[in-house]
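In what follows, a single structure is set out as structure tokens and then discussed.
So that the names make sense, note that chain A is the first sequence line, chain B the second, and so on, each numbered from 1. No hydrogens, no waters, no symmetry mates; every other heavy atom, side chains included, goes into these values.
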Number of protein chains: 2
Amino acid sequence: MEQHGYHHGNLRRVMLDAALHAISESGPTGWSLRELARRAGVSHTAPAHHFGDKTGLLTAVAAEGFELFAGAIESAGEDFREVGVAYVRFAVQHRAHFQVMFRPELYRPDDPAVAPARNRAAGILAAGGQSLSPDPARARLTTVAAWSTAHGFAELWLSGALADAAEIDPEVYARDLIELAFGHLR
Amino acid sequence: MEQHGYHHGNLRRVMLDAALHAISESGPTGWSLRELARRAGVSHTAPAHHFGDKTGLLTAVAAEGFELFAGAIESAGEDFREVGVAYVRFAVQHRAHFQVMFRPELYRPDDPAVAPARNRAAGILAAGGQSLSPDPARARLTTVAAWSTAHGFAELWLSGALADAAEIDPEVYARDLIELAFGHLR
DNA sequence: AACCCTATCTTTCCACTGGCAATTTCAGGC
DNA sequence: GCCTGAAATTGCCAGTGGAAAGATAGGGTT
């Protein structure tokens, strides 16, 4: 909100938001660093100081994404089906983050800002799968099955492949769908 | 296999294969048209004659992908669970095609070479869902549920998110997982 | 108050990219 | 043999990501 002089004062956040906006509109690679810098009113190399390079900016997006994501599914409660719904809700509400997070070739997945958050999220999913699984030996399989269902629905929805369902609230659809596939487990 | 003179003779196919190779290695946008042309031994504008522009090349990849894909799931038989396995097998064996097909912002999804093949594939999936669904009124939901599970597993596998399962044959894993989620339907 | 230290941002430069326009080569039908 | 159109070429342009080096602000230190 401040008037910028030579020093912007908030460039990191502004660039991140600009990137998220651009990603939502044109996909994770459909924009240029220079364009973002222009909109932020700074020179085209200013962002380098905060992110290093374009990959660094995407790494920051992924890191923030995994943080938000872990929080979102963590606060979904005990019922693993609601975790799945929260998964889909996150993908829809934070589509830019989501579209970067699961394309590791776009960023540096081993970055110390990314890996911990990702592992935290993976742990939450694994715990949920364990609680859902009738057979402890198949906990991992159950986790991956439910994860796949939520993830696949989110991807298909975001890609527009489910255009015929565009009218319906994706969360409601996701809940029905998870119930259909995993409701028989208890 | 012919020696190239001024006219390459097979440029279209060679460029497609080069693109598929590049996509497998660096993702659907991690390469340049010029680099591909260089490897094919032609000038950097030669591909334009066959594909128009870069988007045109990706459109051709998507079109070929949907053709192959429709064939693959069509020949998987009646059992819808085997269709899911074929879905995953296709994604693994043709990962470059797959990674383009479901990112419509990368190509021209309304291209006449793409849309028919995509619709054909969608029809096969819908028919499978219908045969799987106990309740005809919920056929669409069942289709989307099974589609999501297969798609999500394929995406997670390709992205490396299931690194812990890297040892296991993805087809076998997919079969178990589909059985877990949809085996109770008959 | 003068100093310097560091983070931040600018200017300048380079190789590379996608795409357009004009031109050249070549192959096969007449 | 020639002529026509498909297939490639060269040359050009604006835009891109990134490196290098300089400029500026805004403290802390003394």
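In this structure, B:Leu106 atom CG and C:dG18 atom P are separated by 14 Å, rounded to whole Å. Rounded to whole Å, atom C1' of D:dG17 lies 11 Å from atom CH2 of A:Trp31. The separation between A:Leu36 atom CG and D:dT16 atom P is 10 Å, rounded to whole Å. Rounded to an integer number of Å, the gap from A:Leu11 CG to C:dT10 P is 8 Å. Following rounding to the nearest Å, B:Leu58 (CG) and C:dG19 (P) show an atom-to-atom distance of 10 Å. The interatomic distance linking A:His50 (NE2) with C:dT10 (C1') rounds to 13 Å, in whole Å.
Among C:dG19, C:dA7, D:dT9, the nucleotide with an atom closest to any side-chain atom of A:His49 is C:dA7. For A:Asp53, the side-chain atoms get nearest to D:dG18 when compared with the rest of D:dA8, D:dG18, C:dT10. Here the side chain of B:Lys54 is nearest to one of C:dT10, C:dG18, D:dG17, namely C:dG18. For A:Leu33, whose side chain is taken as the heavy atoms from C-beta onward, the closest listed nucleotide among D:dA8, C:dG19, D:dG17 is D:dG17.
In the hydrophobic clustering of ILVMFWY residues, with side-chain heavy atoms under 4.5 Å counting as a link, B:Val14 and B:Phe51 come out apart.
At a threshold of 4.0 angstrom between heavy atoms, the contacts of A:Ser43 include nucleobase atoms, whether or not backbone atoms are also involved.
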Just the table, please: protein N/O against nucleotides 12-14 of chain C N/O, every pair under 3.5 Å.
{"residue": "C:dT12", "atom": "O4", "partner": "A:His44", "partner atom": "NE2", "Å": "3.4"}

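Between B:Arg38 and C:dT17 there is a side-chain N or O to OP1 or OP2 distance below 4.0 Å.
Taking the side-chain hydrogen bond (donor to acceptor under 3.5 Å, both in side chains) definition, one finds that A:Asp164 meets it with B:Arg140, sequence neighbours left out. With sequence neighbours left out, the side-chain hydrogen bond (donor to acceptor under 3.5 Å, both in side chains) criterion links B:Gln130 to no other residue. Partners of B:Asp79 under the salt bridge (Lys or Arg N to Asp or Glu O under 4.0 Å) rule, at least two apart in sequence or in another chain, are B:Arg81.
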Please list every donor-acceptor pair under 3.5 Å in which a side-chain atom of residues 98-105 of chain B meets a protein atom from a residue at least two apart or in another chain.
none

In a table with atom names and distances, give each donor-acceptor pair under 3.5 Å that connects a side chain of residues 55-67 of chain A to protein atoms at least two apart or in another chain.
{"residue": "A:Thr59", "atom": "OG1", "partner": "A:Thr55", "partner atom": "O", "Å": "2.7"}
{"residue": "A:Thr59", "atom": "OG1", "partner": "A:Arg108", "partner atom": "N", "Å": "3.1"}
{"residue": "A:Glu64", "atom": "OE1", "partner": "A:Arg13", "partner atom": "NH2", "Å": "3.3"}
{"residue": "A:Glu64", "atom": "OE1", "partner": "A:His97", "partner atom": "NE2", "Å": "2.8"}
{"residue": "A:Glu64", "atom": "OE2", "partner": "A:Arg13", "partner atom": "NH1", "Å": "2.6"}
{"residue": "A:Glu64", "atom": "OE2", "partner": "A:Arg13", "partner atom": "NH2", "Å": "3.2"}

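The one candidate from A:Leu125, A:Thr149, A:Val92 that meets the side-chain contact (heavy atoms from CB on, under 4.5 Å) condition with A:Tyr87 is A:Leu125.
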